[in-house]
Amino acid sequence: MMARPRRALAATAIGVILAAAAIAPGFRPMVAANAAPAASAVNVAAIDAAGLKRAVSSRKNKVVVVNFWATWCGACVEEFPSLVALQKKYRAKGMELVTVSFDDTQDLQTKVKPFLNKSGLATGTYINKTGNDLDEAYLRYLEPKLPTDAAVPLPRTYIFARNGKLVKTLVGGQTAANFEKAITAYLK
Amino acid sequence: MRRTSAAALCAVLLFSVTAVAAVYLNAPTASRAEVTAAAPKIGDKIADFSLPDAMTGTARSLKELSAGKKAVALIFISTQCPVSNAYNGRMAQIASDFGSKGIQVVGINSNRSEMPADITAHAKANNLTFPILKDTGNKIADRLDAQVTPEVYLVKPNGELIFHGPIDDRQQVSDVQHTYLHDALNAVTGGKSIAVTGARAFGCSIKRAPSAS
């Protein structure tokens, strides 16, 4: 006689546990989890402004989306899965995602690679050579009109059209819809 | 069986509803303009303001903190940002070195997720003995157009902005080439003009409260 109430109680308890897991801060829709490569799969090369310029120009006839991020940047971590999902969706149409981490280079193995592996992004992944210090050369290349005393928060995303011209600069965390609208405008 | 099935159904429904809600709750906020006000320029007057001290809750005004001082260094800081935390020692040192020379260091925490209790515990743990004000609703961050932590505004007692920028140019102390704030404070306390009145601050973005619109 007691079996049924126990089963009901157990089922309810499982539901509550699952619900609690769902509202936990780290919960995210598992868009990329299944595609995550093995821990050692992601290659993260050190880069500087000149290297980034080469990385962009070498992706000929592509819409190159450059994202500056860091694991210490909450808004970056929030928006990152959207970019990865869009890369998967639009790669065949010519989107190329290039990400540059501004984490301390000492955090490459412990923070950056695990985050990238979890995200499912395995290509176009770089870390700034000077870690979490921003070299002005990046801004001379990407935002030459920015006043020299203007503070620079992350994330920052730059969209290059197929002709290699920088056409869009997005400052601050973006929604997936914002990203998709901005990127697809140049994929046509 | 029926009761078990019903309970299982309820459990699945509860999970589904909560999961969907969680997706929305965790979704990134829509992009808001990072520039929330016209940035004050060097020479502009910063209007007086008052914010509660995170430790005591007592209201502290810029005017009161400036009284009898040569300048006030308003530093936007964070308890969680690794960039800001990399400067804890340097901020404490600057407050100590220049406190007796007429400089008042004041921390301002505008991050929506960092509560006065967190700020107090963080200050104690890191020997930050200068006042740290809680800028709920990021009103002062908006007024000054502060964007990152750490970011410094050096203000004379008459409200004149005389320096705006980072503490220095490198997070690793051993790599520092330009000690911007230190140099500015040396100039102010030495009665000289500040050679470099501004530089680019880079750090964690200030986590502003969601806009009403």
Side-chain angles (χ1 to χ4, degrees), chain A residues 3-29 70-79 81-82 102-104 107 130-134 136 139 146-155 170-179, chain B residues 1-23 25-35 39 41-42 76 80-83 86 113 145-149 151 164-166 169-172 175 196-207:
Chain A
R4 282 180 185 170
R6 272 189 201 145
R7 275 186 218 149
L9 191 64
T12 307
I14 290 166
V16 170
I17 290 166
L18 288 171
I23 59 172
F27 179 83
R28 291 287 184 279
T71 60
W72 46 260
C73 161
C76 306
V77 170
E78 279 186 356
E79 71 173 17
S82 304
F102 282 82
D103 283 272
D104 190 321
D107 293 333
T130 54
N132 45 18
D133 286 315
L134 178 71
E136 273 295 307
L139 298 171
L146 196 68
T148 54
D149 62 347
V152 176
L154 296 182
L170 300 166
V171 177
Q174 307 295 314
T175 62
N178 277 357
F179 273 139
Chain B
M1 282 299 286
R2 272 187 199 157
R3 197 183 292 172
T4 307
S5 301
L9 184 63
C10 283
V12 169
L13 279 172
L14 179 60
F15 171 65
S16 305
V17 169
T18 318
V20 169
V23 168
L25 286 171
N26 284 321
T29 50
S31 174
R32 284 174 289 119
E34 291 293 321
V35 176
K41 294 180 177 63
I42 298 301
F76 285 84
Q80 296 177 2
C81 168
V83 186
S113 58
D145 191 36
Q147 297 295 318
V148 300
T149 58
E151 186 172 351
H164 169 219
D169 64 343
R170 288 289 182 267
Q171 287 168 55
Q172 291 288 339
D175 296 339
V196 179
T197 57
R200 192 180 308 293
F202 180 63
C204 305
S205 57
I206 289 173
K207 308 300 179 294

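Only this structure's heavy atoms are used, side chains among them; waters, hydrogens and symmetry mates stay out. Lettering follows sequence order; numbering is per chain, from 1.
Contact annotation for A:L146: both backbone and side-chain heavy atoms come within less than 4.5 Å of a heavy atom of chain B. Using a 4.5 Å cut-off between heavy atoms, A:P147 touches chain B through its backbone atoms (N, CA, C, O) alone. Looking at B:D175, there are no atoms closer than 4.5 Å to chain A (heavy atoms on both sides), in backbone or side chain.
For the set A:A150, A:A177, A:C73, the entry with the most heavy-atom pairs within less than 4.5 Å of chain B is A:A150. When each of A:L139, A:T130, A:D104 is scored by its heavy-atom pairs under 4.5 Å with chain B, the top score falls to A:L139.
In plain terms, the two heavy atoms of A:W72 and B:P82 that are nearest each other are CB-CG, 3.1 Å.
Judged by distance alone, with hydrogens and angles left aside, the side-chain atoms of B:R200 form no donor-acceptor pair with the main-chain N or O of A:D149 at under 3.5 Å. In this structure, B:Q171 contributes its side chain and A:N132 its backbone to a donor-acceptor pair below 3.5 Å.
Looking at residues two or more places apart in sequence or on another chain, you find no side chain to side chain donor-acceptor pair (under 3.5 Å) involving A:D107. With sequence neighbours excluded, the residues satisfying ring pair (Phe, Tyr, Trp, His ring centres under 6.0 Å) with B:F202 are A:F102.
Contact annotation: the side chain of A:D133 never approaches that of B:Q172 to less than 4.5 Å [non-hydrogen atoms, C-beta and beyond].
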